[in-house]
Amino acid sequence: MAQNRNSQGQGSKAQRQLRVGELIRRTLSDVLARADVHDPDLNRHSITVAEVSMSTDLKVATAFVLPLGGRDAPEALLALRRNTPELRHLVAKAMTLKYAPELRFQLDETFDRMDDTRRLFEDERVRRDVEAPDRQDDDA
């Protein structure tokens, strides 16, 4: 399993953060997919919720989001932030948590990093180094 942005190896506390974050991610994704928020600016975007990172006290949920294809990401982020109270209400209504966490939204930049890595591996010098036979094999 990949390391979560917020995992700190604190046993059950970190597990609870991961479980609640995943539950909020699924619920938020469903709310956005069903277009439950009555905002045409938000509903015209198909938004992917890649991950939700929880604070240690479970009162703040940071959702890492990206519109489909990455187009109009700043506008989608503004629409999410503008509709945060309604999104928080809809997520809380669908869940059985003691407190409705404060929602925060950030653009997910992992796809950009993957593209940078892919471009790096396409570089001729890097490819030559990666594909070079191991020199220790020649000595054997």
Please tell me if the side chains of [X] and [Y] come closer than 4.5 Å, counting only heavy atoms from C-beta onward.
X   : Y   : result
V52 : T62 : no
E86 : D36 : no
L42 : L32 : yes
L77 : V65 : yes
D41 : R82 : yes

Closest heavy-atom pair and its distance - R16, L58: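 That would be CD-CD1, 3.6 Å.
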Keeping [X] on the side-chain end and [Y] on the backbone end, is there a donor-acceptor pair under 3.5 Å?
X    : Y    : value
D72  : H45  : no
Q106 : F64  : no
R81  : F105 : yes

Going by atom type alone, with no hydrogens or angles, which donor-acceptor pairs under 3.5 Å involve a side-chain atom of residues 95-103 and a protein atom two or more places apart or on another chain?
residue	atom	partner	partner atom	Å
E102	OE2	R104	NE	2.9
E102	OE2	R104	NH2	3.3

Under the salt bridge (Lys or Arg N to Asp or Glu O under 4.0 Å) test, which residues partner R71, sequence neighbours left out?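 Scan of R71 (salt bridge (Lys or Arg N to Asp or Glu O under 4.0 Å), adjacent residues dropped) gives none.
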Sequence neighbours excluded, which residues qualify as salt bridge (Lys or Arg N to Asp or Glu O under 4.0 Å) partners of D30?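 Partners of D30 under the salt bridge (Lys or Arg N to Asp or Glu O under 4.0 Å) test: none.
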Charged N-O contact under 4.0 Å between D57 and K59: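 Between K59 and D57 there is no salt bridge, as every charged N stays at least 4.0 Å from the carboxylate O atoms.
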